[in-house]
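Reviewing the structure listed below.
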Amino acid sequence: MFFDENKKEVPGFEEMLKPVLLALQNKGGKANIADLDKEAITIMNLSDEVVQIMHKKYGKQSEVSYRMAWARTYLKKYGLIQNVDRGIWSFTDKFNGDIERISVNEIVNKVRNGGTLEGQEELIFTGIDSRTAFEKMVGALLMDLAEKEKKQAYYTYSADCDYDIILPTGLEEINEELKCIIFVVDKQGENASVFIDELKEKYSFLEKEKYLILTNVLVSEKAREKVGKNIIIWDKNDLMERVNPEAPYAQYLFNPKKALIEDIVASNSSDAIKKEERASYIKRVKAAFRRQDMVLFLGAGVSLSGGIPLWETLIKKLHINMLKELTEDKSLSFKEQEMINELALDNKMESPLLQMRYIKSAFSNDEYFRLVHAALYSKKIQSDTELLNAITRICTPQRNYCGIKSIITYNFDNLLEMNLAQKDISYNIISCEKDRQMVEKLNIYHVHGYLPKDFHNISNESELIFSEEDYHKVYRDSYSWSNLAQLNALRESTCLFIGCSLKDPNLRRLLDVASRREESPRYFAFLVKEEKKNIKGSMNKDILKIYQKLDDNIRKAYYSELGLNIIWIEDFKEIPDILNSFLE
């Protein structure tokens, strides 16, 4: 006997863990939910009065049944029981039959360490992964509740809507249209005051419309009274009372990152939804720009149209230039020199970083700088490109906002600075530890080094992050000025990556570090879609299409794990128009 039959309260789900295991054992190790619940009720010696108490948010489900569902969920997450079929439960190999020695506290603590669950006082869902998981879980919960009541529910899928879901005929005690808004508080310790005033100002006067606000923060009754009667708030406790722990969306509670990646990989979004997603990302980037919260991260793609070679091309040029200098005293004929150049172009070392180490080792620092400079500006360059012009426009202080906060660039060249100078935009270059920020100017951080067209303007303190040993040095020195500059931007601002391949190992490391914080700055990147080609010509088109979808989804999941929202484009020529739209 686990409980006194005269007890008038429903036991907590923790108290049900061992009875559920014992009930499954009594049923021979396999049972459906109804039989399992009935046997557990008998084991716990619960009175009819307690068993008949209904769950306050589920009129057709008892409180005992609801809490037993939580107990089964915890036992499943801990690894003692499993679903062998829909509604059928059995033991796993981990269960050794010794129920007496099982620690209830250990089960609860271990499962909760993997996610923030029912009964905990802190916020549910914080951080980049969890923020998105909260939005997805709440959406699925509303759809589930609406289906149970045989009511309609629609996602808006629109970047122009302030609300996320529409319930045309309401939900629960509300029998009129409800516009649902999902509001996520990112920081531990924050309370309803962060958005109550905003709700009151924005929606309270719209008395003819009903709004349902769903948030992961705890909202007191006093705080709820501050908003209009047309605003209903479900805080984290209200949501947890409605969550079905055995529903598919409950996975977002226990392991948000895993659930999100599985969602992305398995997704089959229509073109319309993808367009809406892209529009939503662009809208959020514009909003960050308007509130003066944007830092640009610029890669080689920004300078490509201006005549600066891409990284791998630059390395090939360096290799050729290196061999030219090393063979100057060999009296080679023109044809022999051409053959040497062909061999250099065909040279494939284990990695570009290793190849740069090989090139760098052949020269003194001064010679190395001059060699890189010669390769960098080997073609005629121009700073007056559509992309650089668009970047300069959004960096120009406007009447209502100041433009971009700062720029992080991985480029050695000064094409952007040349464009800014032509438009009389004041800027400040930071390329080494001794350089300091200037409040009154646009700070441009050349975190991989700086080699301007005018070779005489190169700082003696400047270093190039280009070869294998350079990257090793950056890895070792977590507090280097370049690492700190990038981390500060990633942690404190909305960041937009332009012309970046996102292959830089140190950048990915910093993104990984920054995205693990509780705060959720958003990162956005322009990337060109990679279309899979029918290499052999005879490949099945349907198979190619399936592989393309899987590859797109896996790439999306990978970037999502780093906190990156990808704005997919067909061509880099699209970027200037998008940037120019920020000023509209």
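Any value given below was found using the heavy atoms of this structure, including those in side chains, with hydrogens, waters and symmetry copies removed. Residue numbers count from 1 along this sequence.
Side-chain atoms of Ser90 and Ile81, non-hydrogen and from C-beta on, never get closer than 4.5 Å to each other. A heavy-atom distance below 4.5 Å is found between the side chains of Leu141 and Leu239. Between Met240 and Trp70, the closest side-chain pair of non-hydrogen atoms falls below 4.5 Å.
The local environment of CD in Glu149 is crowded, with over 12 non-hydrogen atoms from other residues, nucleotides or ligands closer than 6.0 Å. Within a 6.0 Å sphere centred on NZ of Lys38, other residues, nucleotides and ligands contribute 12 heavy atoms or fewer.
The only option from Glu241, Arg242, Glu63 that meets the side chain to side chain donor-acceptor pair (under 3.5 Å) definition with His55 turns out to be Glu63.
Because its NZ or CZ atom is both nearer than 6.0 Å to the ring centre of Tyr78 and within 45° of the ring axis, Lys94 counts as a cation-pi partner of that residue.
Ion pair Arg224/Asp238 flagged as a salt bridge, since at least one NZ, NE, NH1 or NH2 atom sits closer than 4.0 Å to an Asp/Glu carboxylate oxygen. A salt bridge is defined here as a Lys NZ or Arg NE, NH1 or NH2 lying under 4.0 Å from an Asp or Glu carboxylate O, and Arg509 with Asp504 fails to meet this definition. Between Arg278 and Glu574 there is a salt bridge, since a side-chain N of the basic residue sits under 4.0 Å from a carboxylate O of the acidic one. Residues Glu246 and Arg72 are paired through a salt bridge, judged by an N-O separation under 4.0 Å between the basic side chain and the carboxylate.
Of all heavy-atom pairs between Val108 and Leu17, the closest is CG2-CD1, 4.1 Å. Across Val10 and Met16, no two heavy atoms sit closer than the pair CG1-CE, 4.1 Å. Minimum heavy-atom separation, Tyr559 to Ser501: OH-O, 4.4 Å.
When only modelled atom types and interatomic distance are considered, Tyr445 and Gln486 share no side-chain donor-acceptor pair under 3.5 Å. Counted by atom type alone, Glu209 and Tyr163 present zero donor-acceptor pairs between their side chains at under 3.5 Å. For the residue pair Lys151 and Thr169, no side-chain donor N or O sits within less than 3.5 Å of a side-chain acceptor on the partner. Using modelled atom types, one finds no donor on one side chain facing an acceptor on the other under 3.5 Å when comparing Thr215 with Asp235. For Asn32 and Asp85, the side-chain atoms include no donor-acceptor pair closer than 3.5 Å.
Side chain of Tyr74 to main chain of Ala69: no donor-acceptor pair is present (N/O by atom type, distance under 3.5 Å, no hydrogens or angles). Although no hydrogens or angles enter the test, the distance criterion places no donor-acceptor pair under 3.5 Å between the side chain of Asn443 and the main chain of Gln437. The backbone N or O of Glu276 lies less than 3.5 Å from no partner atom in the side chain of Ser280, so there is not a single donor-acceptor pair. Distance alone, capped at 3.5 Å, places no donor-acceptor pair between the Lys18 side chain and the Ser103 backbone.
Note that the CD atom of Glu584 and the CZ atom of Phe582 stand 10.5 Å from one another [nearest 0.5 Å]. The structure places CG of Leu167 at 11.0 Å from CD1 of Ile174, a figure rounded to the nearest 0.5 Å. To the nearest 0.5 angstrom, Leu296 atom CG is 8.0 Å from Ser406 atom OG.
Using cut-offs of 30° and 60° for the angle between ring planes, the Phe91 and Phe95 rings count as parallel. Between Tyr523 and Phe497, the ring planes lie perpendicular to each other; the angle is over 60°, past the 30° to 60° tilted range.
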